[in-house]
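Notes for the one structure printed next.
A, B, ... follow the sequence lines: proteins, then strands. Residue 1 opens every chain.
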Protein chains: 2
Amino acid sequence: MNLLLKNIAKHVTLTEQEEERVLLLTELQTFKAKTILLKEGDICTQSYFVIKGILRSYTRDENAVEHVVNFACAEWWMADMYSYLSQRPGQLFIEVNEDAEVIVLTRENQEKLYSEVPKLERFFRILIENSLIANQRRLINNLTFTAEARYDLFTKKFHSILPYLPQKQIASYIGVTPEFFSRMKARLLKK
Amino acid sequence: MNLLLKNIAKHVTLTEQEEERVLLLTELQTFKAKTILLKEGDICTQSYFVIKGILRSYTRDENAVEHVVNFACAEWWMADMYSYLSQRPGQLFIEVNEDAEVIVLTRENQEKLYSEVPKLERFFRILIENSLIANQRRLINNLTFTAEARYDLFTKKFHSILPYLPQKQIASYIGVTPEFFSRMKARLLKK
DNA sequence: ATAATTTCATAATCTAGGTCAAGTGCTCTT
DNA sequence: AAGAGCACTTGACCTAGATTATGAAATTAT
């Protein structure tokens with residue numbers, strides 16, 4: 001359970017009482033693969049800190065084609081940030097890719113934590129900042145790199161979970177069809 | 001000058017003394033079109049709140065092709081967030097598109113404001129949150145929409161400054177070549 | 001004003017990546 | 001153990017968008 005506390009400790013130092021509060025206001029839960037934690041149109045009332053397993057977020061376009069937005073493995077957070085922050089219906093699905101153990105933090109409890117442990121304002125601000133930076137970088141990468149280069153970056157970012165990801169999901173994340181991805185991989189192996 | 005204060009007031013309420021501090025720690029500056037405020041490799045030590053005119057950020061890829069990352073017009077912030085937050089060399093250029101009047105906030109003064117006016121922690125957190133949301137949405141749009149649909153979204157987001165933007169920059173922002181963009185526009189006019 | 005530079009349009013050709021379709025092996029039921 | 005469904009591959013064909021090139025119009029500098 002203290003993986004979350006360890007993670008917080010990387011950015012701010014809490015007293016034992018403050019750590020106590022964090023433990024009390026979060027909850028460890030386990031989910032089987034294929035469980036859907038959030039659907040399009042839902043309001044995202046909780047965020048997930050992954051201890052074990054893999055989560056995945058995606059949207060469906062007007063042709064019902066799924067587009068993977070992100071994966072989260074151990075020590076990553078997952079939520080539909082738009083919906084979570086605005087408390088309005090979002091467009092993301094969040095699904096369990098591999099049997100998972102996650103720490104659940106409700107929006108409500110996060111607000112409580114903000115007032116009871118103000119240092120956490122700083123912690124979450126840093127999280128959001130990092131998330132923003134990662135997003136901007138990915139946007140730039142999508143604009144400037146070819147599918148092959150994007151795949152290369154992907155393998156670096158997610159190498160620890162690579163063998164667990166179906167390649168149609170990887171294809172979707174980097175923005176190509178599964179057919180093209182399959183061909184591309186075959187081409188890369190020849191080199 | 002109080003456009004910034006008005007903007008802050010949308011999210012947090014400051015006392016007169018606090019507003020005083022904000023005014024003292026920021027500075028109004030004017031820049032001619034084509035001025036380069038930040039270059040690739042620089043450390044971004046200040047962020048800009050636009051009062052008048054237009055700023056633009058972009059990267060150059062390995063073939064020296066420019067990719068527009070964003071535009072900022074009145075009441076928008078502009079910075080290389082990666083570099084600004086991490087204080088490490090960034091990859092963005094920031095250039096003045098149209099003669100501009102901007103409020104400059106240095107990283108240093110922002111830190112001062114955080115400690116002198118803690119409410120601003122909240123203000124800037126909200127800014128970053130909104131920025132993250134906008135970015136994620138754009139990423140999803142790029143993955144799910146065609147160039148034509150992306151152009152449509154662009155005109156909605158930037159309609160107020162549309163006539164001032166060279167179309168090669170618009171093309172770059174939505175991720176197509178100027179030639180293709182020109183033909184696409186001609187095609188759209190026929191409808 | 002005039003030269004120089006930049007922007008925009010149009011056309012011909014090319015290619016990264018998409019679509020549709022068929023077939024092979026998996027895994028998961030039951 | 002048999003079938004139903006997925007995930008992946010491969011092939012033939014298609015298209016959105018890139019590239020290269022050329023010239024006209026519009027800005028900018030001299």
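Side-chain N/O atoms of R183(A) and base N/O atoms of dG18(C) include no donor-acceptor pair closer than 3.5 Å.
What separates NZ of K34(B) from C1' of dT7(C) is a distance of 11 Å, to the nearest Å. Atom CG in N97(A) sits roughly 14 Å away from atom C1' in dA7(D) (whole-Å rounding). Between K32(B) atom NZ and dA29(D) atom P the separation is 10 Å, expressed in whole Å. Atom CE in M184(B) sits about 10 Å away from atom P in dA18(D), given to the nearest Å. Atoms CG (L143(B)) and C1' (dG17(C)) sit 15 Å apart, rounded to a whole Å. Atom CZ in F145(B) sits roughly 14 Å away from atom P in dG17(D) (whole-Å rounding).
With a 4.5 Å cut-off on side-chain heavy atoms, N142(B) and N142(A) do not count as touching.
No donor-acceptor pair closer than 3.5 Å links the side chain of T26(B) to the backbone N or O of L105(B).
Exactly one of K52(B), K10(B), K6(B) qualifies for a salt bridge (charged side-chain N to carboxylate O under 4.0 Å, His left out) with E75(B). That residue is K10(B). Under the ring pair (Phe, Tyr, Trp, His ring centres under 6.0 Å) test applied with F49(A), the options W77(A), F123(A), F124(A) reduce to a single match, W77(A).
Taking the charged nitrogens against the carboxylate oxygens, E40(B) and R60(B) have no contact shorter than 4.0 Å, which rules out a salt bridge.
If you check residues 159-181 of chain A against DNA chain C, the residues with a heavy atom closer than 4.0 Å are G175(A), V176(A), T177(A), E179(A), F180(A), listed by number.
Of all heavy-atom pairs spanning T59(B) and L92(B), the tightest one is CG2-CD2, 4.1 Å.
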